[in-house]
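All values below were derived from every heavy atom in this structure, side-chain atoms included, with hydrogens, water molecules and symmetry-related copies excluded.
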Amino acid sequence: MDLSRFPRRRYTPFATPIELLPNLTKALGGPNIYIKRDDMLGLFPGGNKTRKLEFLVADALAQGADTLITCGAPQSNHCRITLAAAAKEGLKCRFVIEERIPNSYDEDANGNHFMFRLMGVEDITVVPAGSDMLAAMQKVSDDLASQGRRGYIIPGGGSNAIGALGYVACVQEMLAQLFEQALTIDHIIVGSGSSGTHAGMVAGMYGMNAHIPITGIGVSRDPENQEPLVYREVLATAKLLNMHGEPPRELVKTDGGYWRPKYSLPNQRMVEAVQMLAQLEGIPLDPTYTGKIMAGLIGMVRAGAFGKDDNVLFIHTGGMPSLFASPETVLGRVPVTHV
């Protein structure tokens with residue numbers, strides 16, 4: 001796959017490390033658990049959205065945009081990293097925030113919302129749960145156009161075919177690392193939410209003729225709703241890349257058992273996973289995404305999904321600032337009623 005024909009900005013001048021987690025591996029009794037540290041990507045503190053924005057922001061600049069417009073939840077990692085990219089490129093940035101949990105938006109909140117204020121978001125529009133986010137962002141773009149400005153709309157999570165190219169590039173990077181380290185990976189665990197990261201990895205594996213199984217841990221939907229969403233993005237990405245042949249549907253697999261009671265609301269397995277990785281390996285996870293994704297990996301291990309000697313790779317997609325929005329929860333000082 002030739003990605004050189006797509007415009008790209010580079011925000012990370014190195015390949016993110018692949019590391020063994022020996023203490024977590026020992027605590028769980030195998031398999032061998034590895035981690036790819038995409039939390040160390042650029043646009044500090046980085047995460048998976050950085051890879052997507054390398055292609056999305058390049059496209060925005062090619063179109064002459066002066067303002068990035070995107071959307072997310074009140075503690076959106078994607079919004080924060082988009083704002084960081086805008087600051088780096090000398091662009092303005094506006095958000096549409098969906099209040100998915102009633103009364104969850106707090107103008108003075110810590111975590112990512114503090115970063116929004118610190119990095120100078122130009123404007124935030126707050127809309128209720130279930131709003132048409134594309135229409136809301138289009139209104140922001142139209143308002144800018146009436147002022148002689150040019151907005152560029154980035155979908156939630158940066159999840160479209162252009163954004164997914166970031167994780168096609170990640171697959172290329174990862175396969176080169178595995179070759180250099182003489183490391184065989186038997187299974188990959190990745191978060192599956194707005195779908196771009198998961199879809200980009202599936203499309204990248206297929207395009208590179210690699211056959212490492214990928215399981216997406218859903219952070220907001222069960223498999224019957226999540227997998228069609230991911231597969232649509234896989235097909236759109238494959239089409240953008242002019243791949244020969246259509247990636248088969250069975251490549252998209254998710255587990256939806258770890259996100260409840262609702263997107264961004266805590267559960268006990270997330271709290272356990274965040275504490276385990278922090279106390280065993282010194283690596284922070286976040287409560288909305290990576291904490292629940294790691295809970296999924298731990299749950300699969302305990303259910304016997306892998307052989308004891310298998311090598312399993314966890315993709316760490318970042319999100320550290322949102323830890324500071326709910327410290328009492330992840331420290332276990334606030335009771336969590338949902339398992």
Side-chain angles (χ1 to χ4, degrees), residues 16-40 47-48 77 174 183-193 197-198 201 212-223 226-227 253-320 322-323 326-327 329-339:
T16 59
I18 293 175
E19 306 169 358
L20 176 66
L21 299 178
N23 299 323
L24 182 63
T25 296
K26 181 179 179 181
L28 295 174
N32 302 306
I33 301 174
Y34 291 80
I35 187 169
K36 183 156 174 64
R37 298 292 303 274
D38 272 13
D39 59 314
M40 297 174 67
N48 60 326
N77 295 309
M174 183 184 69
L183 176 62
T184 298
I185 292 295
D186 301 294
H187 208 105
I188 293 172
I189 302 295
V190 67
S192 195
T197 300
H198 188 182
M201 293 201 75
I212 306 174
I214 300 170
T215 296
I217 304 297
V219 297
S220 57
R221 301 176 192 89
D222 288 327
Q226 182 66 15
E227 291 180 5
K253 292 183 172 64
T254 66
D255 189 325
Y258 298 90
W259 64 275
R260 296 187 184 280
K262 198 168 184 178
Y263 170 83
S264 82
L265 290 184
N267 62 46
Q268 191 57 50
R269 286 184 292 192
M270 174 277 292
V271 173
E272 179 197 27
V274 171
Q275 291 184 1
M276 283 184 75
L277 205 66
Q279 294 169 17
L280 292 174
E281 301 288 355
I283 298 174
L285 301 172
D286 81 284
T288 300
Y289 296 97
T290 51
K292 290 185 176 180
I293 300 160
M294 179 57 76
L297 170 54
I298 293 169
M300 292 176 71
V301 171
R302 288 171 173 166
F306 312 110
K308 183 174 180 176
D309 296 322
D310 283 354
N311 295 327
V312 179
L313 179 64
F314 175 84
I315 309 298
H316 189 337
T317 53
M320 180 182 68
S322 60
L323 269 175
S326 53
T329 297
V330 295
L331 287 173
R333 295 174 180 170
V334 175
V336 177
T337 57
H338 199 276
V339 175

Any side-chain heavy-atom pair of [X] and [Y] under 4.5 Å:
X	Y	answer
I185	M174	no
L265	H338	no
L21	F314	no
K36	L313	yes

Dump the intermediate steps for side-chain contact (heavy atoms from CB on, under 4.5 Å) on L28 and R302, then the final yes or no. CA-CA 8 Å; L28 295 174; R302 288 171 173 166; 4.2 Å; yes

Within this structure, what is the [atom1]-[atom2] distance for the pair [X] and [Y], rounded to the nearest 0.5 Å?
X	Y	atom1	atom2	result
M276	I298	CE	CD1	4.5 Å
E19	M40	CD	CE	7.0 Å
M270	D286	CE	CG	8.5 Å
H316	I283	NE2	CD1	6.5 Å

Checking S192 against Q226: is there a side-chain donor and acceptor pair closer than 3.5 Å?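 Yes - a donor-acceptor pair under 3.5 Å links their side chains.
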
Would you check if there is a donor-acceptor pair between the side chains of D38 and N48 at a distance under 3.5 Å?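 Checked: N48/D38 side chains show no N/O donor-acceptor pair below 3.5 Å.
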
Is there a donor-acceptor pair under 3.5 Å between the side chain of [X] and the backbone N or O of [Y]?
X	Y	value
N311	D186	no
R37	I18	no
H198	E227	no
E281	N23	yes

Applying the side-chain contact (heavy atoms from CB on, under 4.5 Å) test to [X], which of [options] qualifies?
X	options	answer
V312	N32, T215, L297	L297
L285	L323, D39, V330, T290	T290
P287	S264, S326, P266	S326
W259	I293, T288, N267, D222	D222
I315	T16, I188, I35, I189	I188

Show the nearest heavy-atom pair for residues [X] and [Y], with the distance to one decimal.
X	Y	value
I217	K292	CG2-O, 3.8 Å
T25	P31	CG2-O, 3.1 Å
Y258	R269	CE2-NH1, 3.5 Å
G332	Q275	N-NE2, 3.7 Å
S322	N77	OG-OD1, 4.5 Å
P284	M320	CG-SD, 4.0 Å

